[in-house]
There are 2 protein chains.
Amino acid sequence: MSATLPAAVVPGADASASKDPAAPAFSPLYQQIKALITRGLQSGEWRPGEAIPSEAELALRFKVSQGTVRKAIDALADENLLVRRQGKGTFVATHAEEKTQFRFLRLTPDDEGSGRGMSRRFIDCRRQRASTDIARVLDLKAGDAVVQIRRLLLFRDRPVVLDDIWLPGHLFKGLTAERLSENRGPMYGLFETEFGVRMIRAEEKLRAVAADEATARWLDVPVGAPLLSVERLSMTYGDKPVELRRGLYDTSAHYYRNELS
Amino acid sequence: MSATLPAAVVPGADASASKDPAAPAFSPLYQQIKALITRGLQSGEWRPGEAIPSEAELALRFKVSQGTVRKAIDALADENLLVRRQGKGTFVATHAEEKTQFRFLRLTPDDEGSGRGMSRRFIDCRRQRASTDIARVLDLKAGDAVVQIRRLLLFRDRPVVLDDIWLPGHLFKGLTAERLSENRGPMYGLFETEFGVRMIRAEEKLRAVAADEATARWLDVPVGAPLLSVERLSMTYGDKPVELRRGLYDTSAHYYRNELS
DNA sequence: GAGTGGTCTAGACCACACT
DNA sequence: GTGTGGTCTAGACCACTCC
């Protein structure tokens, strides 16, 4: 049997055109399978924490070999969309049941041995209209509804991070300070289970800034103290931005860690 | 034929013990092949920029199937130790011929459209004895020889980064300010071609700090201005630390970018 | 034991680069 | 055309989990 595009061909792009001059660019089978699985994740066919069908079953469904399904799943596991567990199955990744609270927080205390000790305190949660800045970044129209959250992270009861968070209002109807405070576990877990918004990926921009008066009060540092400013844009499926977060970190007893390779 | 450990078994760990209670932990074949290839890289059998033997040839040499070699190479390519080029071969990664000068520098100007414009200026390069701090981090004894380099990075002739770099003296004999200045291309390329030290991986610790007087002069900012402090520890094969770098970044017109996933 | 992912093999063909 | 990596297949067996 030839290896050219069985039943699984993804109906995209130039299905009509007979001979595009520019870019036919047909993708390998396993990438098409990957796209099909991603679609299943996005549509909610398999929900976070659940198992997806076995490799054999997916191979049957898509009419390809198990090896091809395997390569597609491998790629999705690399991107942290799926989690493989030998002997049990392949599961949709979730923020909801993670031991690692603060999975995306790259802040580490100077004295390593400490381990836990992070807590949080919600200061504010309100609905308002998006400024042009916020709207542009979140791919909204200026004036659209947004939810703004302000919160503090504390390490051993000392404030370390002041976060301002903006979310598209239409995706987070009914999000209140109460809902946030009641929630045990990661905030992204709440977003996932209560609002069906799953964070896949994020970009951060870091700078050093001086503490203004209000910030200095919240973080209990002198006005003008150097703070690490972390601006995070989080994306869901299809690289759609769904959260903007501006954090100010007091790095006098913590550092932001990063790996290069 | 059974799939259990052909001729390629890596002679490691518990080759002697008959039945360890704790951890026999034999690794899959492709990981053993990966280790063998890594050894070839480390020993200089294949040098940076050169091609390694074809998959078929390696499969013959190691007495495994091409698929197994492929998986080993895939892993090494993921770690940026090898670079695959379809139709040409698989090459040892190198810093020497990289278009991307400053591959590890995560600093981006606020006005994107700018593109190039980074230049550098070496201020100092001297041999001295390692302080206890530096020695500990670089895995040396206090008092061992180290090379210290100080340099400035400029963007459009404006100073942006002040770097202090420490290198183990025994690995970098004969490194002088002249050698550094004459060198076109990445500094890590020079380390690679002239001293046989290849940077594989690095860890960075970021904090916000206030500019002291000397730094303020070099970066042309007010004393006390907030600066991004970036402490980088670079590793070569076997995770051996071979460079410590402390950078101070003026982030008033640039930001440090990072990806989370 | 049944079901799952994990490893390994062998062989076919495709896409690309050089010559 | 020859040689390289890239994709796809089919089947075998191993390792782990749960019943």
Side-chain angles (χ1 to χ4, degrees), chain A residues 1-10 23-37 46 49-78 80-93, chain B residues 1-10 23-37 46 49-78 80-93:
Chain A
M1 189 204 294
S2 154
T4 40
L5 309 181
V9 183
V10 58
F26 265 54
S27 54
L29 239 195
Y30 76 88
Q31 282 192 20
Q32 301 180 34
I33 303 301
K34 186 186 159 198
L36 290 174
I37 297 176
W46 311 301
E50 291 179 4
I52 69 171
S54 72
E55 295 180 353
E57 197 174 326
L58 288 173
L60 267 180
R61 172 183 322 185
F62 295 136
K63 305 264 230 326
V64 299
S65 79
Q66 180 174 343
T68 300
V69 170
R70 171 157 267 274
K71 199 162 178 186
I73 292 180
D74 279 344
L76 291 169
D78 281 347
N80 295 311
L81 295 192
L82 296 177
V83 178
R84 323 193 71 140
R85 285 185 227 159
Q86 179 170 135
K88 301 177 74 173
T90 300
F91 298 78
V92 183
Chain B
M1 188 203 296
S2 154
T4 40
L5 309 180
V9 183
V10 58
F26 264 53
S27 55
L29 239 195
Y30 75 88
Q31 282 191 19
Q32 301 181 34
I33 303 301
K34 185 185 160 196
L36 289 174
I37 297 176
W46 310 301
E50 291 179 5
I52 68 171
S54 72
E55 296 179 354
E57 198 175 326
L58 288 173
L60 266 180
R61 174 187 317 189
F62 295 135
K63 305 264 228 330
V64 299
S65 80
Q66 180 174 344
T68 300
V69 171
R70 172 157 268 273
K71 199 163 178 186
I73 293 180
D74 279 345
L76 291 169
D78 280 349
N80 295 311
L81 295 193
L82 296 176
V83 178
R84 321 194 74 139
R85 287 187 224 156
Q86 178 169 134
K88 301 176 75 173
T90 301
F91 298 78
V92 183

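Here is how names work: the chains are called A, B, and so on, in the same order as the sequence lines, proteins then strands, and each is numbered from 1.
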A.B. asks: In whole Å, I'd like the distance from the CD atom of A/Gln66 to the P atom of C/dT9.
C.D. replies: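 Rounded to whole Å, this separation is 18 Å.
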A.B. asks: CD1 of A/Ile73 to OG1 of A/Thr90: how many Å apart, nearest 0.5 Å?
C.D. replies: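 Here the interatomic distance stands at 4.5 Å.
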A.B. asks: Taking atom CG of B/Leu58 and atom CZ of B/Arg70, what is their separation to the nearest 0.5 Å?
C.D. replies: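 B/Leu58 atom CG to B/Arg70 atom CZ measures 12.0 Å (nearest 0.5 Å).
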A.B. asks: Could you give the CG-to-P distance, from B/Leu60 to D/dT4, as a whole number of Å?
C.D. replies: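 Computing the B/Leu60:CG to D/dT4:P distance gives 11 Å.
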A.B. asks: To the nearest 10 degrees, how far apart in direction are the end axes of the helix from C/dG1-D/dC18 to C/dC18-D/dG1, each fit to five base pairs?
C.D. replies: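 The angle separating the two end axes equals 10°.
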A.B. asks: Quick one: is A/Thr90 getting a side-chain N or O under 4.0 Å of the C/dG5 phosphate, OP1 or OP2?
C.D. replies: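 It does, given that an N or O in the side chain of A/Thr90 lies less than 4.0 Å from OP1 or OP2 of C/dG5.
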A.B. asks: What is the distance, rounded to the nearest whole Å, between atom CG of A/Asp78 and atom C1' of C/dG6?
C.D. replies: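 Going from A/Asp78 (CG) to C/dG6 (C1'), I get 15 Å.
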A.B. asks: D/dC8 C1' sits how many Å from A/Glu55 CD, rounded?
C.D. replies: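 After rounding, the reported distance stands at 15 Å.
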A.B. asks: Suppose we screen for salt bridge (charged side-chain N to carboxylate O under 4.0 Å, His left out). Which residues come up paired with B/Asp74, at least two apart in sequence or across chains?
C.D. replies: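 B/Asp74 satisfies salt bridge (charged side-chain N to carboxylate O under 4.0 Å, His left out) with B/Arg84 once adjacent residues are dropped.
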A.B. asks: For the side chain of A/Val64, starting at C-beta, report the closest nucleotide among C/dT9, D/dT9, D/dC8.
C.D. replies: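 The listed nucleotide nearest to A/Val64's side chain is D/dT9.
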A.B. asks: Residues of residues 80-89 of chain B with any non-hydrogen atom less than 4.0 angstrom from an atom of DNA chain C: list those, numerically ordered, please.
C.D. replies: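 Going residue by residue through residues 80-89 of chain B, the ones with a heavy atom under 4.0 Å of DNA chain C turn out to be B/Gln86, B/Gly87, B/Lys88.
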A.B. asks: Starting from the C-alpha separation in whole Å, work towards a yes-or-no answer on side chain to side chain contact (heavy atoms under 4.5 Å, CB included) for B/Leu29 and B/Phe62.
C.D. replies: CA-CA 10 Å; B/Leu29 239 195; B/Phe62 295 135; over 6 Å; no
A.B. asks: Testing the basics here: between A/Ala72 and A/Tyr30, what is the closest heavy-atom pair and its distance to 0.1 Å?
C.D. replies: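 What the structure gives for the nearest pair is CB-O, 3.4 Å.
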A.B. asks: Closer than 4.0 Å, any side-chain N/O of A/Lys71 to the OP1 or OP2 of D/dC8?
C.D. replies: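 It does not, given that no N or O in the side chain of A/Lys71 lies less than 4.0 Å from OP1 or OP2 of D/dC8.
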A.B. asks: Find the distance between CD1 (A/Ile33) and NZ (A/Lys63) and round it off to the nearest 0.5 Å.
C.D. replies: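 Atom-to-atom, A/Ile33:CD1 and A/Lys63:NZ are 11.0 Å apart.
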A.B. asks: Give, for atom CG of A/Leu82 and atom CD1 of A/Ile52, the distance between the pair rounded to the nearest 0.5 Å.
C.D. replies: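 Spacing of CG (A/Leu82) from CD1 (A/Ile52) equals 5.0 Å.
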A.B. asks: Is it true that a side-chain atom of B/Glu50 and a backbone atom of B/Val92 form a donor plus acceptor pair closer than 3.5 Å?
C.D. replies: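 Such a contact is absent between B/Glu50 side chain and B/Val92 backbone.
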A.B. asks: Of the options C/dC8, D/dT7, C/dT4, whose atoms approach the side-chain atoms of B/Tyr30 most closely?
C.D. replies: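 Nearest listed nucleotide: C/dC8.
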A.B. asks: When the distance from CD of A/Glu57 to P of C/dA2 is rounded to whole Å, what number comes out?
C.D. replies: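 Nearest whole value for this atom pair: 19 Å.
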A.B. asks: To the closest 0.5 Å, what do you measure between OG (A/Ser27) and NZ (A/Lys34)?
C.D. replies: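 A/Ser27 OG to A/Lys34 NZ: 10.0 Å, rounded to 0.5 Å.
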A.B. asks: Taking atom P of D/dT7 as reference, at what distance in whole Å does atom CG of A/Asp74 sit?
C.D. replies: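 Whole-Å distance recorded here is 13 Å.
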A.B. asks: Atom NZ of B/Lys63 to atom P of C/dC8: distance rounded to whole Å?
C.D. replies: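 Nearest whole value for this atom pair: 17 Å.
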A.B. asks: Would you indicate which nucleotide in C/dG5, C/dT7, C/dT9 comes nearest to any side-chain atom of B/Ser65?
C.D. replies: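 The answer is C/dT9.
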A.B. asks: A/Arg70 CZ to D/dT7 C1': how many Å, rounded?
C.D. replies: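 Rounding to the nearest Å, CZ of A/Arg70 and C1' of D/dT7 are 16 Å apart.
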